[in-house]
Amino acid sequence: MAAMADTHGPGAASQRPYDIVLFGATGFVGELTARYLAAHAPEGLRWALAGRNSGKLAELRGRLAKAYPERPGLAELPLLHADSGDPESLRRMAAGARAVATTVGPYIRYGTPLVAACAEAGTDYLDLCGEPEFVDLMYLRHHERARESGARLVHACGFDSVPHDLGARFTVERLPEGVPLRVDGYLRTDARFSGGTFASALTAFSRFDRMARTARERRAAEPAPAGRRVRTPVGTVRRERELGGWAVPLPTIDPQVVGRSAAALERYGPEFTYRHHALVRRLPVAVGGLAGAGAAFALAQHPATRRMLSARLAPGEGPDEERRARSWFTVRFVGEGGGRRVVTEVSGGDPGYGETAKILAEAALSLTCDELPATAGQVTPAVAMGEALTGRLVRAGIGFRVLEE
Ligand SMILES: NC(=O)c1ccc[n+]([C@@H]2O[C@H](COP(=O)([O-])OP(=O)(O)OC[C@H]3O[C@@H](n4cnc5c(N)ncnc54)[C@H](OP(=O)(O)O)[C@@H]3O)[C@@H](O)[C@H]2O)c1
């Protein structure tokens, strides 16, 4: 049985009935995460499934027990009823757990009361949020309270943004200390979206003005790192001969997360620059991708056209098992500084779902089982779990390799 150290916050948290509660367990990624925990949770881990629909939770528990008959206790896995619209149910769930991992999104629509409940109860919180507005809003509203209570609020614990955040850190650790550093990340993947992800992206597009306003409020409120500078500029479309393709700027939440890790950790040097890109083989693909994203952005601005787009892929739907099994990703990092250059790569299977579920589950296990640095408040995956989570992901089959040093 794995040792379970209570490494932060009030010791009382270790007396709670559950180490990990998985909220939204009945959704597409929720079920994949439940399956991962069912197959890999260390013996003795006290975990539970939570959601708004007790019947669906019981059916899921039955599927888990049937799929993993060799794993003890799955048929008796506790089921907790909790609904995003019922803050009391969220307070009960947060107070009974050391960590809550949630897949209930879009987070800007459903997520706030759970973050509030975890910040208040000193409960670690993890999500799959790729929505910058939500992350900034939770910083403004709940970071201070979580620092006081000892709760670690860790957003973006899926493909957004763990491979990028830990990969940038892995690269920085191979560059000289105390000098300006620059890292470029290049993502390649052939994956498809689920309905839940599509709904979250459309919601984010439709709230662009509010997202920009909240980001400004956060910049005004958040202290800058003393005596250091962190930049995450948006790059331009350009040919990358050495990488064999075209780099297209990728304005996801990932560069923001990497930048926050750099601001928190001195190891990233006195001046750190990160640029984030997609890498595509042919220019027409780059142009098509930009045009498609632009069209979705424009259509998301009006309720009628947004509804039309939403209907194309409903929440709960996603790529089938065969399609997921064929999917893959690589993120290549090129880091430079102090006269050195390193090239590294993080790689894995289906980024959106299989690997996202694996990453969320391993992050929850890391927060509850590993010896970690003392942190509290809103923290990035690299700051909260850095090396420990990288080690877990490597053991779980996600590659972290140095290609050139
Ligand atoms: N970071 C990443 O890389 C990444 C990758 C994939 C997905 N995501 C994000 O993860 C989230 C989930 O995606 P998905 O595809 O799994 O979505 P999904 O299949 O639609 O699942 C959503 C889950 O939320 C639950 N839910 C909805 N409203 C609720 C409420 N009021 N109270 C309690 N539970 C509620 C649903 O419960 P019912 O079953 O009862 O309907 C379901 O369990 C999305 O926000 C998506 O953007 C992120």
Side-chain angles (χ1 to χ4, degrees), residues 21-36 49-61 63 79-90 92-94 100-114 117 126-135 154-166 187 189 191-205 250 252-254 256-257 310 313-320 324 327 329 331 346 348-363 380-381 398:
V21 171
L22 177 61
F23 182 46
T26 53
F28 193 80
V29 188
E31 174 154 352
L32 293 175
T33 309
R35 284 175 178 269
Y36 189 89
L49 305 172
R52 62 177 167 174
N53 184 325
S54 305
K56 273 174 116 176
L57 284 174
E59 282 169 22
L60 169 62
R61 179 173 64 182
R63 285 196 293 278
L79 307 179
L80 311 182
H81 183 265
D83 192 305
S84 298
D86 174 3
E88 188 45 43
S89 70
L90 303 177
R92 266 199 313 275
M93 178 170 69
V100 176
T102 170
T103 69
V104 178
Y107 293 90
I108 196 73
R109 193 176 301 153
Y110 301 123
T112 304
L114 179 59
L126 310 89
D127 69 24
L128 293 176
C129 181
E131 304 158 42
E133 183 191 356
F134 180 72
V135 175
V154 199
H155 302 282
C157 283
F159 181 70
D160 290 336
S161 296
V162 168
H164 315 284
D165 193 24
L166 293 185
L187 165 68
T189 180
R192 301 241 169 105
F193 302 123
S194 74
T197 301
F198 195 52
S200 293
L202 288 182
T203 305
F205 284 167
L250 200 54
T252 54
I253 197 169
D254 305 313
Q256 300 182 18
V257 176
S310 309
L313 193 56
E317 292 175 10
D320 62 26
R324 282 188 273 121
S327 299
F329 77 90
V331 197
V346 180
D350 166 42
Y353 306 100
E355 300 297 42
T356 282
K358 177 191 287 180
I359 294 168
L360 179 65
E362 289 290 356
T380 64
I398 293 187

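A quick note: this is a predicted structure, and the numbers were derived from the prediction, not measured. Atoms within a ligand are numbered from 1 in the order they appear, just like the ligands themselves.
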State whether the shortest distance between N or O atoms of E131 and N or O atoms of ligand 1 falls below 3.5 angstrom. no

Geometric N/O contact G24 with ligand 1, under 3.5 angstrom: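 The answer is yes, given that G24 and ligand 1 share an N or O pair closer than 3.5 Å.
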
Under 4.0 Å from a heavy atom of F23: give me the atoms of ligand 1 that qualify, with their elements. 33 (C)

Between L57, L90, V29, which one has a non-hydrogen atom sitting closest to atom 16 (O) of ligand 1? V29

Please answer whether the main-chain N or O of V257 pairs with a side-chain N or O of T380 as donor and acceptor at a distance below 3.5 Å.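 It does not hold such a pair.
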
Within the structure, does G27 bring an N/O atom to less than 3.5 angstrom of an N/O atom in ligand 1? yes

Check: Q256 side chain, P132 main-chain N or O, donor-acceptor pair, under 3.5 Å: no

Could you list which atoms of ligand 1 come closer than 4.0 Å to a heavy atom of S84?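 Listed by number with element: 30 (C), 31 (N), 32 (N), 33 (C).
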
Numbered atoms of ligand 1 (with element) below 4.0 Å of K56, judged on heavy atoms: 38 (P), 39 (O), 40 (O), 41 (O)

Within the distance-only criterion (no hydrogens, no angle test), does the side chain of S161 pair as donor or acceptor with the backbone N or O of A156 below 3.5 angstrom? no

Report the part of T26 in contact with ligand 1, treating N, CA, C, O as backbone and CB onward as side chain, heavy atoms under 4.0 Å; options are side chain, backbone, both, neither.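 Both of them.
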
Regarding ligand 1, does F28 bring an N or O atom to under 3.5 Å of one of the ligand's N or O atoms? yes

Has ligand 1 got any nitrogen or oxygen that is less than 3.5 angstrom from a nitrogen or oxygen of F159?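 It does: an N or O of F159 is found under 3.5 Å from an N or O of ligand 1.
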
Output yes when a side-chain donor or acceptor of T33 lies under 3.5 Å from a complementary backbone atom of A361, and no otherwise. no

N/O donor-acceptor pair under 3.5 Å between Y107 side chain and V135 backbone: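 Answer holds: no.
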
Return a yes/no value for L128: is any of its N or O atoms, backbone included, closer than 3.5 angstrom to an N or O of ligand 1?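 For ligand 1, there is an N or O atom that lies under 3.5 Å from one belonging to L128.
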
Measure the spacing between CZ of F134 and CG of D127 and express it to the nearest 0.5 Å.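 Here the interatomic distance stands at 6.0 Å.
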
What about Y110: any of its N or O atoms under 3.5 Å from an N or O on ligand 1? no

Backbone N or O of I108 within a donor-acceptor pair of the E131 side chain at under 3.5 Å?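 Side chain of E131 to backbone of I108: a pair is present.
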
Rounded to the nearest 0.5 Å, how far does OG1 of T102 lie from CG of L114? 5.5 Å

CZ/F23 to CE/M93 distance, rounded to the nearest 0.5 angstrom?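 Reported to 0.5 Å precision, the distance equals 4.5 Å.
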
Below 3.5 angstrom, do we get any N/O pair linking Y353 and ligand 1?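 It does not: no N or O of Y353 is found under 3.5 Å from an N or O of ligand 1.
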
